[in-house]
Asker: 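Dropping a structure here in structure tokens format, bear with me for questions.
Values reported hereafter were calculated over all heavy atoms of this structure, with side chains retained and with hydrogens, waters and symmetry mates removed. A note on names: the letters A, B, ... follow the listed sequences, proteins ahead of strands, and every chain is numbered from 1.
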2 protein chains.
Amino acid sequence: MMELECVAENRCFAGSVRRFRHFSNACQTPMRFAVYLPPQAQKERLPVLYYLAGLTCTEETFLIKAGAQRWAAELGLILVAPDTSPREARLPGDDAHWDFGMGAGFYLRAAQAPWQQHYQMYDYVTEELPALLAQEFSVDATRASIMGHSMGGHGALICALREPQRYRSVSAFAPVSAPGQVPWGEKAFTGYLGEDRQAWAEWDASRLVLRQRFPGEILVDQGLADPFLKEQLRPEIFSAACAEAGQPLRYREHAGYDHSYYFISSFMEEHLRHHAAALQV
Amino acid sequence: MMELECVAENRCFAGSVRRFRHFSNACQTPMRFAVYLPPQAQKERLPVLYYLAGLTCTEETFLIKAGAQRWAAELGLILVAPDTSPREARLPGDDAHWDFGMGAGFYLRAAQAPWQQHYQMYDYVTEELPALLAQEFSVDATRASIMGHSMGGHGALICALREPQRYRSVSAFAPVSAPGQVPWGEKAFTGYLGEDRQAWAEWDASRLVLRQRFPGEILVDQGLADPFLKEQLRPEIFSAACAEAGQPLRYREHAGYDHSYYFISSFMEEHLRHHAAALQV
């Protein structure tokens, strides 16, 4: 069993950004994640807010680009950003595509060979990482929320819809809202889950929400100048499914904003306040 | 004469981040810079705050990592970040070192061949870029301030000390405070200015301040866990020179902080408020 290895630490807003490497039992390979511990973490157990990043990102992206630490320090939230896939255990073709394999784990349980050996990001994010955090940091494990961007925005939605008891709130920036009906998702689901589209239902937020609601309002922000809006993100499918299911959804469209962290950072404070309100009850 | 070409634009905090490429007369090669235009720029002429980045950075680094747009949008400041050197005109050996040549222009007027052909970053930053901005954007050219980090922190100091009439305020994060006495500076000054150390005086903030004060308090933040503190940054030399010269200096040390943008972002709001106070008079 590999120790939790701190590979980098930087003081930030009177707290610290730390990057870790450890052996993941879920993924059966070393994994990396980053944490922001706000100053309050030295004195009390704090709630945790998970952030799942999008295609090609790493565990560093969010803490470098999103500007969230400022608000986490004010609100007393621990931020946790896992990597977007296994990287050390190599599989044939895992770096052949930027939207499949490395950097593109899609936060599900892969069932197809060879990916099922390591691409178990769902269990890693929802079970292994929370247990590790509870053991290693001054975390209040009963208070957790989840958010994400693009592929990771959808990841946050499926985590919250599949296991609503684990999360107090959920939000997403420009999520891939209906992966079973768009090119990125069809490619990933075919590769990780196989050809049987029935099996895709439990990993597609727009189908999951028809079966089980999240007990709280889901917050989604979408830029209208996002180049992936119409072909890959398809927020109208998720909105329609939420309406059909009676799922409370606050879906906001923002003129002029694109898919970048310039968009994400612009609304990060509001997302962190959304989560803090749910976590600090 | 090359047009001002906008190579990227991203909406951010209700304003926009734009990156430009244009032919620089000072550097005799195309140069790049980035701008953040806050929402107020649509209606009124705004003051400009220049940010000079450190070794290896580009015009993008500041706007991606520093979290400044949030405060510029609130305070009504236009942010301008030039690249750290010419890049398109290639010179022999310009990419042989990370701390000299490309990405390491040191914001001076190179006098040594072959660098003097293109490495005229001082004239580019203090004259050409402000004139271009006044022509192309809704800028109040009478109100400008300057800040920077590391090599660029020193760049900001020399711009303000050499031409105090151009800037209302100046601040620096972890500046290379006395380049004539440290390895980074000795390497750069020898290469760009030559062996004669007398000629270095007008490009070294710790010597310049003995000749001419800046009419305002200089703000400098320094992390005490900065790995470059003792060998390259040497803030004590600049502090002593300011004391000798009677130059008002607010020099702040921060335990635990390093040289990264995690440090810079932690104090960015304070720097922008420092400049806004001087610019909005």
Asker: What distance separates A/Phe13 CZ from B/Phe267 CZ, expressed to the nearest 0.5 Å?
Answerer: 8.5 Å
Asker: Show me the donor-acceptor pairs under 3.5 Å between chain B and chain A.
Answerer:
from, atom 1, to, atom 2, distance (Å)
B/Asn10, ND2, A/Asp258, OD2, 2.6
B/Arg11, NE, A/Ala255, O, 3.3
B/Phe13, N, A/Ser266, OG, 2.7
B/Ala14, N, A/Tyr257, OH, 2.7
B/Ala255, O, A/Arg11, NE, 3.3
B/Tyr257, OH, A/Ala14, N, 2.7
B/Asp258, OD2, A/Asn10, ND2, 2.6
B/Ser266, OG, A/Phe13, N, 2.7

Asker: Select one option (side chain, backbone, both, neither) describing which atoms of B/Ile264 are under 4.5 Å from chain A's heavy atoms.
Answerer: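 B/Ile264 has no heavy atom closer than 4.5 Å to chain A.
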Asker: Measure B/Ala255 against the heavy atoms of chain A and call it side chain, backbone, both or neither at under 4.5 Å.
Answerer: backbone
Asker: Could you tell me which portion of A/Ala225 (side chain, backbone, both or neither) has an atom closer than 4.5 angstrom to a non-hydrogen atom of chain B?
Answerer: neither
